[in-house]
Novice: 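Take a look at this one; I'll ask things after.
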Amino acid sequence: MIIKILTLFPDFYTNFLSSSIIGRAISKNIVQFQIINIRDYSLDKNHRVDDHPIGGGAGLIMRLEPLVDCLKDNTTISAHKIFLGPKGKTYKQEDAIRLSKLDEICLICGHYEGVDSRFEKYYDEELSLGDFIMTGGEIASLAIADSIVRLLDGAINHESIEEESFNDGLLEYQQYTYPNEYDGMKVPPILFCGNHEIIKEYRHKEALKETFKKRPDLLKKYHYDKKDLEIIKKLKNGEELKLNKKEEQALKAGLKFIK
């Protein structure tokens with residue numbers, strides 16, 4: 001995959017491209033990044049790319065010519081062009097999955113008070129991180145690029161992706177590591193039972209519980225089975241999710257593994 005980022009601040013990406021998962025994905029040729037400076041396409045002797053809004057108003061607006069020239073000179077016809085701005089659709093995991101399947105995307109970072117509205121003709125979609133204002137699209141481009149790269153084959157362990165939040169419409173279940181007890185808080189004993197199928201069922205219940213507690217809006221789109229509906233009913237009634245018979249049996253059989 002090729003990810004191109006059009007920005008006024010190319011130095012902003014130096015550390016991002018050399019660290020962690022992104023750096024490893026680049027070194028393994030899983031992804032290529034191209035950071036392009038929009039100012040290089042300014043016709044102004046001082047490389048200005050902004051001007052006052054026609055009709056008056058506060059702030060400065062990015063000019064059309066350098067944006068269009070930069071975009072045309074650095075993208076192919078097949079490239080998916082994305083403008084990062086506050087009017088865009090809120091970016092979600094489903095968008096990351098969709099974009100990760102493309103060969104080339106171009107992230108265009110707005111700045112100042114906005115961009116010349118005629119620029120809408122030149123990109124395919126507009127995306128936003130949420131209903132808040134930032135000084136430019138650079139931070140959004142980092143977040144989107146990171147969420148896409150980690151989905152590419154070979155970037156990270158495939159199993160890690162499968163069990164993440166949002167992948168099945170729920171938040172991820174709670175995770176733990178050693179020590180088994182800290183400051184009076186214990187790891188749920190069922191996780192030591194050694195029965196992977198039982199642990200999987202338990203974690204699914206915990207994922208439903210976590211989503212119900214923190215993001216109930218996600219449950220409106222979730223497809224329930226009969227067991228899920230029973231769990232949600234108990235959560236709505238404020239009941240504690242107790243272990244079922246299979247889980248209790250597995251727990252008794254696996255208590256010897258608890259450290």
Side-chain angles (χ1 to χ4, degrees), residues 1-18 22-23 25-26 29-55 57 59-92 94-129 133-149 151-152 155:
M1 167 178 267
I2 299 174
I3 298 178
K4 298 180 179 179
I5 301 177
L6 276 55
T7 175
L8 297 176
F9 305 97
D11 292 341
F12 187 86
Y13 300 89
T14 303
N15 290 335
F16 173 73
L17 297 179
S18 61
I22 303 299
I26 293 173
N29 293 319
I30 294 170
V31 64
Q32 297 177 31
F33 275 88
Q34 295 179 22
I35 311 299
I36 299 111
N37 191 344
I38 299 171
R39 293 185 191 277
D40 291 342
Y41 292 84
S42 173
L43 301 177
D44 182 83
K45 64 179 181 180
N46 295 316
H47 299 289
R48 282 192 59 180
V49 295
D50 60 320
D51 210 336
H52 297 284
I54 295 175
L60 297 167
I61 305 296
M62 286 185 72
R63 293 177 63 92
L64 190 61
E65 317 98 290
L67 275 169
V68 174
D69 289 345
C70 182
L71 186 64
K72 286 184 175 181
D73 197 38
N74 291 282
T75 56
T76 63
I77 295 176
S78 61
H80 189 70
K81 305 166 184 70
I82 304 166
F83 178 68
L84 306 174
K87 296 180 182 179
K89 181 187 76 169
T90 302
Y91 186 71
K92 297 182 181 298
E94 60 196 45
D95 295 305
I97 295 171
R98 169 175 60 89
L99 295 174
S100 71
K101 297 175 182 178
L102 302 178
D103 293 326
E104 180 182 340
I105 64 172
C106 179
L107 303 174
I108 309 158
C109 302
H111 209 74
Y112 305 117
E113 191 65 24
V115 303
D116 190 308
S117 293
R118 292 170 290 182
F119 187 55
E120 290 182 6
K121 174 184 175 181
Y122 299 93
Y123 55 80
D124 299 304
E125 66 176 315
E126 182 173 352
L127 293 175
S128 169
L129 289 189
I133 306 299
M134 295 187 292
T135 55
E138 281 72 23
I139 292 176
S141 71
L142 293 182
I144 290 174
D146 182 271
S147 68
I148 292 171
V149 171
L151 294 175
L152 300 179

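Along the sequence shown, residues are numbered consecutively beginning with 1. Any value given below was found using the heavy atoms of this structure, including those in side chains, with hydrogens, waters and symmetry copies removed.
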Novice: Could you measure the distance from the NZ atom of K101 to the CG atom of L151? Nearest 0.5 Å is fine.
Specialist: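 So the gap between those two atoms works out to 10.0 Å.
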Novice: Which heavy atom of G85 sits nearest to which heavy atom of S128, and what is that distance?
Specialist: O-CB, 3.2 Å
Novice: I want to check something: taking the side chain as every heavy atom from C-beta on, are L99 and E125 in contact at a cut-off of under 4.5 Å?
Specialist: yes
Novice: As an exercise, state the distance from OG of S141 to CD1 of I35, rounded to the nearest 0.5 Å.
Specialist: 7.5 Å
Novice: What are the two closest heavy atoms between E104 and K4, and how far apart are they?
Specialist: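 Nearest pair, atom of E104 first, then K4: OE2-NZ, 3.3 Å.
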Novice: Could you walk me through whether D116 and L67 pass the side chain to side chain contact (heavy atoms under 4.5 Å, CB included) test, one step at a time?
Specialist: CA-CA 9 Å; D116 190 308; L67 275 169; over 6 Å; no
Novice: As an exercise, state the distance from CG of L84 to CD1 of I108, rounded to the nearest 0.5 Å.
Specialist: 7.5 Å
Novice: Find the distance between CG (D40) and SG (C70) and round it off to the nearest 0.5 Å.
Specialist: 7.5 Å
Novice: Considering non-hydrogen atoms only, spot the tightest contact between A96 and I148 and give its length.
Specialist: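 Taking A96 first and I148 second, the nearest heavy atoms are O-CG1, 4.1 Å.
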Novice: Identify the two heavy atoms, one from I133 and one from P86, that lie closest to each other, and give their separation to 0.1 Å.
Specialist: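 Result for this residue pair: CD1-CB, 4.1 Å.
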Novice: Shortest non-hydrogen contact from E138 to C109?
Specialist: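 It is OE2-CB, 3.4 Å.
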Novice: Any side-chain heavy atom of F33 within less than 4.5 Å of one from Y13?
Specialist: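 No, too far: nothing below the 4.5 Å cut-off.
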Novice: Taking all atoms of both residues into account, what is the closest heavy-atom pair of M62 and I38, and its distance?
Specialist: CE-CD1, 4.1 Å
Novice: If you draw a 6.0 Å radius around CG in D73, do more than 12 non-hydrogen atoms from other residues or ligands fall strictly inside?
Specialist: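 Result for CG/D73: enclosed.
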Novice: To the closest 0.5 Å, what do you measure between CD1 (I144) and CG (L129)?
Specialist: 5.5 Å
Novice: Fit a plane to each ring of Y122 and F119, take the angle between them on a 0 to 90° scale, and name the class: parallel (under 30°), tilted (30 to 60°) or perpendicular (over 60°).
Specialist: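 Rings of Y122 and F119: parallel, as their planes differ by under 30°.
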Novice: Determine whether a donor-acceptor pair (N or O, by modelled atom type, separation under 3.5 Å) exists between the side chain of S42 and the backbone of R48.
Specialist: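 Yes, because the side chain of S42 sits within donor-acceptor range (under 3.5 Å) of the backbone of R48.
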Novice: Hey, does the side chain of D95 reach the backbone of K92 with a donor-acceptor pair shorter than 3.5 angstrom?
Specialist: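 Pair found, side chain donor or acceptor close to backbone of K92.
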Novice: Might you work through the side chain to side chain contact (heavy atoms under 4.5 Å, CB included) test for I30 and V149, ending with a clear yes or no?
Specialist: CA-CA 8 Å; I30 294 170; V149 171; 5.7 Å; no
Novice: Are C106 and L6 close enough, and set up right, to give a side chain to side chain contact (heavy atoms under 4.5 Å, CB included), and what steps lead you there?
Specialist: CA-CA 7 Å; C106 179; L6 276 55; 3.3 Å; yes
Novice: For H111, run the ring-ring contact (aromatic ring centres under 6.0 Å, His included) check against F83, F9, F12 and tell me which one passes.
Specialist: F9
Novice: Quick check: do Y41 and I36 have side-chain heavy atoms less than 4.5 Å from each other?
Specialist: yes
Novice: Just wondering, are more than 12 heavy atoms of other shown residues or ligands nearer than 6.0 Å to NZ in K89?
Specialist: yes
Novice: Can you check whether H52 reaches L60 side chain to side chain, under 4.5 Å on heavy atoms?
Specialist: yes
Novice: List the steps, then state whether side chain to side chain contact (heavy atoms under 4.5 Å, CB included) holds for I26 with V31.
Specialist: CA-CA 5 Å; I26 293 173; V31 64; 4.0 Å; yes
Novice: Within the side chain of D124, is there an N or O that forms a donor-acceptor pair under 3.5 Å with the backbone of K81?
Specialist: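 Checked: pair present.
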Novice: For the atom pair CG (D51) and CZ (R63), what is the distance rounded to the nearest 0.5 Å?
Specialist: 5.0 Å
